[in-house]
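To keep things clear, I will list the structure first and then write my remarks on it.
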Amino acid sequence: MAIPREQFLDILKDSFSAYYTIVENIDTDLPLAFRADYRLRDERYWLTKSVKIWGNEKNEYCYIFAADAFTPELAQKCMDWAIKDGIPRVKPHSEHQCTNIKVVLIADSTDPDTVMAVRKKSFTKNYRFGLHGYSNLLAGLTDLGTEQTVTNREGHELVPYFKKLFAARAKD
C-alpha cells in the first residue's frame with residue numbers, strides 16, 4: 001500500500017527533528033522539501049576544561065527532495081545542487097572528522113534508469129590530505145509505491161532507516 005508523499009514527508013521531518021535542525025523554504029527551482037543540519041562535537045579533558053586531550057567534530061547536511069517521479073537528469077541535478085550548496089558550509093580544521101552531504105529523493109514511483117543514476121553517483125573530498133577531515137555524498141532514492149530504497153555505495157545506512165520508518169507506519 002502506497003503512502004501519500006505529503007504524509008511521508010511529515011513523518012520524515014518529525015523523525016529528523018529529534019537530532020537535526022530543520023531548514024525550510026530554501027529558494028531553488030528543484031523539488032527540495034527541506035534541509036536538515038546535524039552537528040556533533042565530542043571532547044575529552046584531563047582534570048579541567050583547560051587541559052583538552054582531544055576534540056572531534058562530525059557534521060551532516062541532509063537534503064530531502066520529493067516529486068512524483070525523478071528522471072535521471074533531475075536526480076543528477078538534485079545531487080549536484082546539494083553538493084554545491086553543502087560543501088561551502090564545511091569548515092575543516094584539525095579536529096574536523098567528517099561532513100557528509102546526504103541526499104534523499106522521495107518519489108511515488110521510480111524507473112530503472114534513475115535507480116542506476118543514484119547508484120552510480122559518487123563524491124568524496126579530502127581536506128589537507130585527510131588530516132582535516134573529509135566529505136562524502138550519501139545518496140538514496142525511496143519509492144513510496146513499493147516501499148523500497150536504493151542507495152549509492154556510501155549511503156547504505158539509509159536502507160535500514162527507511163525500513164524502520166515503513167515498518168513503524170505499518171504498525172499504526
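All heavy atoms count here, side chains included; hydrogens, waters and symmetry mates do not. A quick note: this is a predicted structure, and the numbers were derived from the prediction, not measured.
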Identify each donor-acceptor pair in which a side-chain atom of residues 118-128 lies under 3.5 Å from a protein atom, sequence neighbours left out, and give them as a table.
residue: K121; atom: NZ; partner: D80; partner atom: OD1; Å: 2.7
residue: T124; atom: OG1; partner: N136; partner atom: OD1; Å: 3.0
residue: Y127; atom: OH; partner: S135; partner atom: OG; Å: 2.8

Fill in: NZ/NE/NH1/NH2 to OD/OE distance under 4.0 Å, K58 and E60
no
Worksheet item: Can we say R44 and D42 salt-bridge, meaning some charged N sits less than 4.0 Å from an Asp/Glu carboxylate O?
Response: no
Worksheet item: Do the side chains of F166 and I3 get nearer than 4.5 Å, heavy atoms only?
Response: yes
May I ask you to decide if [Y]'s main-chain N or O and [X]'s side chain share a donor-acceptor pair within less than 3.5 Å?
X	Y	answer
K91	P88	yes
N100	K102	no
N152	A139	yes

Taking atom [atom1] of [X] as the centre, does the number of heavy atoms from other residues, nucleotides or ligands within less than 6.0 Å exceed 12?
X	atom1	answer
W54	CH2	yes
Y19	OH	no
K52	NZ	yes

Worksheet entry | Full working for salt bridge (charged side-chain N to carboxylate O under 4.0 Å, His left out) between E24 and K13 | CA-CA 10 Å; E24 296 182 291; K13 192 180 296 183; 2.3 Å; yes
Item to complete: Establish, from distance only, whether the side-chain atoms of Q97 and N56 form a donor-acceptor pair under 3.5 Å.
Response: yes
Discussion item. Do H93 and E57 pair up side chain to side chain, a donor and an acceptor below 3.5 Å, judged on atom types alone?
Written reply: yes
Item to complete: Identify the two heavy atoms, one from A69 and one from L74, that lie closest to each other, and give their separation to 0.1 Å.
Response: O-CD2, 4.4 Å
Worksheet, complete the sentence: Scanning both residues in full, the closest heavy-atom pair of P72 with D113 reads CG-CB, 3.6 Å
Worksheet item: Same hydrophobic cluster for M116 and L138, using side-chain heavy-atom links shorter than 4.5 Å among ILVMFWY?
Response: no
Worksheet item: Under a 4.5 Å side-chain heavy-atom rule over Ile, Leu, Val, Met, Phe, Trp and Tyr, are V90 and I83 clustered together?
Response: yes
Response to the item:
CG (D37) and OH (Y61) are apart, to the nearest 0.5 Å, by 6.0 Å
Practice prompt. For the pair Y161 and F16, name the ring-plane relationship: parallel under 30°, tilted 30 to 60°, perpendicular over 60°.
Written response: tilted
Discussion item. Which label fits Y38 and Y20: parallel for a plane angle under 30°, tilted from 30 to 60°, or perpendicular past 60°?
Written reply: tilted
